[in-house]
Undergrad: 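The structure that follows is given in the form of structure tokens.
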Amino acid sequence: MAMAIELPDGVSLEAAVAIVIALLTVVLLAVTSRDPKKAALKKAQKEIRELLQKENCGPICIRLAWHDSGTFTAAKAGQSFASAGGANGSIRFDPEIKHGANAGLSKGLKLLEPIKASCPTVSWADLLQMASAEFVAMAGGPRIAMRYGRVDAAGPDDCPVEGNLPGAGAPFGDGSKDAGEHLRKVFHRMGFNNQEIVALSGAHTIGRAFKERSGTTPHGYTEKGATKYTCPAFRARHDGAAGVGMPGGQSWTPKWLTFDNSYFTVAPEKELLRLETDKVLETDPGFAPHYRRYAESQTEFFKDYAAVHKKLSELGSKFEPAGGITI
Ligand code: HEM
């Protein structure tokens with residue numbers, strides 16, 4: 001039976017609806033802000049955004065998160081962290097942070113330490129993945145539908161063995177005859193297909209390589225080692241602001257602090273980096289159609305990248321509660 005509601009004199013129906021919506025919003029906000037896990041994650045998110053804005057350290061954070069999760073072996077899912085690997089924060093421990101592929105990444109951990117100290121209930125695994133996803137969006141890329149609540153690896157015994165991450169050029173440690181075979185071996189092991197390998201590689205639209213870290217480039221630390229794109233005068237940021245963080249190194253794209261599809265469109269140039277594992281994406285019949293598709297459409301790239309980044313961020317993760325937490 002329909003019920004008639006009488007409004008007080010002078011109050012229109014529109015005003016009454018607006019008041020009800022405002023009240024419901026206040027109630028909803030009050031309920032969510034009382035969830036301490038969500039509140040802590042929100043605090044960490046705010047502090048991470050400030051750090052990324054100030055330090056231009058997004059690229060190292062993306063690499064740190066990917067190297068934490070990229071140790072995963074799908075066939076061992078559900079086994080111990082040491083055996084299955086994955087996004088569990090084990091990269092913060094020796095021996096893992098000292099693995100050859102992780103050269104230079106301890107700097108990223110140090111940058112995040114103060115945020116871990118001020119948000120102690122947020123796991124390291126979540127902090128690493130949050131910083132990575134936040135920077136993709138901040139740099140102009142897609143917002144990734146992240147879940148949080150990852151359980152942390154407890155100590156060095158949870159670290160995986162060395163050698164699960166991809167090498168950048170021959171000779172490949174796994175005996176692969178070329179970069180295509182190597183990429184397939186490594187990424188299929190994690191559970192990714194060819195299209196996902198190409199989309200993930202597009203993350204090199206961001207960041208640089210350093211002589212002192214991977215040794216894949218003659219360009220090293222400081223302005224002396226910089227290219228024309230990695231010197232302080234060049235504006236690589238999405239918002240056009242000045243600042244590159246630490247100068248030096250060699251980038252894959254000119255605007256290496258901007259997340260776009262330029263990794264797939266940029267013309268080869270001496271100043272820009274191309275690893276063997278980048279070049280093969282353009283020529284290998286299993287990869288090339290996706291490479292061309294992402295060159296033609298940034299929208300397609302963003303859609304596929306957001307999906308595969310989310311998948312990467314959850315490899316081998318154990319969530320508490322089981323469904324994870326969205327903020
Ligand atoms: C396809 C196989 C891959 C290889 C062989 C590879 C290799 C490398 C190498 C050699 C560097 C330079 C490190 C240094 O000298 O500091 C680097 C940097 C980087 N990689 Fe990859 N990578 C791969 C895939 C990925 C994926 C899947 C992601 C993320 C989803 C990623 C994100 C990054 C970022 C953001 C940097 C820049 C770090 C910085 O500026 O400090 N890479 N990668």
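Just follow the structure's listing: the first ligand is 1, and inside any ligand the first atom is 1. Position 1 is the first residue of the sequence, and the numbers go up from there.
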Undergrad: W252: heavy atom below 4.0 Å from ligand 1, yes or no?
TA: yes
Undergrad: List every atom of ligand 1 that sits less than 4.0 Å from any heavy atom of F210, numbering the atoms from 1 in the order shown and giving each element.
TA: 14 (C), 15 (O), 16 (O)
Undergrad: Counting only heavy atoms closer than 4.0 Å, does ligand 1 sit against the backbone of F187, its side chain, both, or neither?
TA: side chain
Undergrad: Check F135 against ligand 1 and report side chain, backbone, both or neither, counting heavy atoms closer than 4.0 Å.
TA: neither
Undergrad: For atom 35 (C) of ligand 1, find the nearest protein heavy atom and state the residue, atom name and distance (0.1 Å precision).
TA: P59 O, 3.4 Å
Undergrad: Atom 3 (C) of ligand 1: which protein heavy atom is closest, and how many Å away?
TA: P166 CG, 3.7 Å
Undergrad: Which protein non-hydrogen atom lies closest to atom 10 (C) of ligand 1, naming both residue and atom, and how far is it?
TA: S214 CB, 3.6 Å
Undergrad: Salt-bridged, D35 to K37, with N to O below 4.0 Å?
TA: no
Undergrad: Nearest to atom 43 (N) of ligand 1 by heavy atom, M190, K107, H204: which?
TA: H204
Undergrad: Heavy atoms only, cut-off 4.0 Å: how does L275 contact ligand 1, side chain, backbone, both, or neither?
TA: side chain
Undergrad: Checking contacts here: is it the side chain or the backbone of H309 that comes within 4.0 Å of ligand 1, counting heavy atoms only? Could be both or neither.
TA: neither
Undergrad: Would you tell me whether D260 and T258 have side-chain atoms, one donor and one acceptor, within less than 3.5 Å of each other?
TA: no
Undergrad: Should you measure from each heavy atom of G207, which atoms of ligand 1 turn up under 4.0 Å away?
TA: 37 (C), 40 (O)
Undergrad: More than 12 heavy atoms of other residues, nucleotides or ligands under 6.0 Å from NZ of K310: yes or no?
TA: yes
Undergrad: Could you check whether Y294 and Y263 have their ring centres less than 6.0 Å apart?
TA: no
Undergrad: Please determine whether any non-hydrogen atom of G104 lies less than 4.0 Å from an atom of ligand 1.
TA: no
Undergrad: Say whether Y305 and ligand 1 are in contact under the criterion: heavy-atom distance to a ligand atom below 4.0 Å.
TA: yes
Undergrad: Among R63, R208, H67, whose heavy atom sits nearest atom 39 (C) of ligand 1?
TA: R208
Undergrad: Please determine if R189 forms a cation-pi arrangement with F72, meaning its NZ or CZ atom is less than 6.0 Å from the six-membered ring centre and no more than 45° off the ring axis.
TA: no
Undergrad: Would you mind checking which non-hydrogen protein atom is closest to atom 16 (O) of ligand 1, with the distance to 0.1 Å?
TA: R213 CD, 3.3 Å
Undergrad: Identify, by atom number and element, the atoms of ligand 1 in contact range of L183, meaning under 4.0 Å from any of its heavy atoms.
TA: 1 (C), 2 (C)
Undergrad: Taking the cut-offs as 6.0 angstrom to the six-membered ring centre and 45 degrees off its axis, would you call R184 and F287 a cation-pi pair?
TA: yes
Undergrad: Classify the contact between W66 and ligand 1 as side chain, backbone, both or neither, using a heavy-atom distance cut-off of under 4.0 Å.
TA: side chain
Undergrad: With atoms numbered from 1 as shown, which atoms in ligand 1 lie under 4.0 angstrom from a non-hydrogen atom of A209?
TA: 12 (C), 14 (C), 15 (O)
Undergrad: Can you classify the ring geometry of F192 versus F187 as parallel (below 30°), tilted (30 to 60°) or perpendicular (above 60°)?
TA: tilted
Undergrad: Is M146 reachable from Y305 through a run of I, L, V, M, F, W or Y residues, each pair having side-chain heavy atoms under 4.5 Å apart?
TA: yes
Undergrad: Can you see which heavy atom on E271 is nearest to which on Q250, and at what distance?
TA: O-NE2, 3.2 Å
Undergrad: For the backbone of Y229 and the side chain of T227, can you confirm whether one donor and one acceptor N or O come within less than 3.5 Å of each other?
TA: yes
Undergrad: Quick one: which ligand 1 atoms are inside 4.0 Å of a heavy atom on G167?
TA: 5 (C)
Undergrad: Assign the ring pair W252 / H204 to parallel, tilted or perpendicular, where the plane angle (0 to 90°) is split at 30° and 60°.
TA: parallel
Undergrad: Looking at F301, does the NZ or CZ of R292 lie under 6.0 angstrom from its six-membered ring centre and within 45 degrees of the ring axis?
TA: no
Undergrad: Just jot down the ligand 1 atoms closer than 4.0 angstrom to any heavy atom of T277, in number order.
TA: 5 (C)
Undergrad: Considering only protein heavy atoms, which is closest to atom 29 (C) of ligand 1, and at what distance to one decimal place?
TA: A203 CB, 3.4 Å
Undergrad: Less than 4.5 Å apart, side chain to side chain, heavy atoms only: is that true for H219 and L273?
TA: no
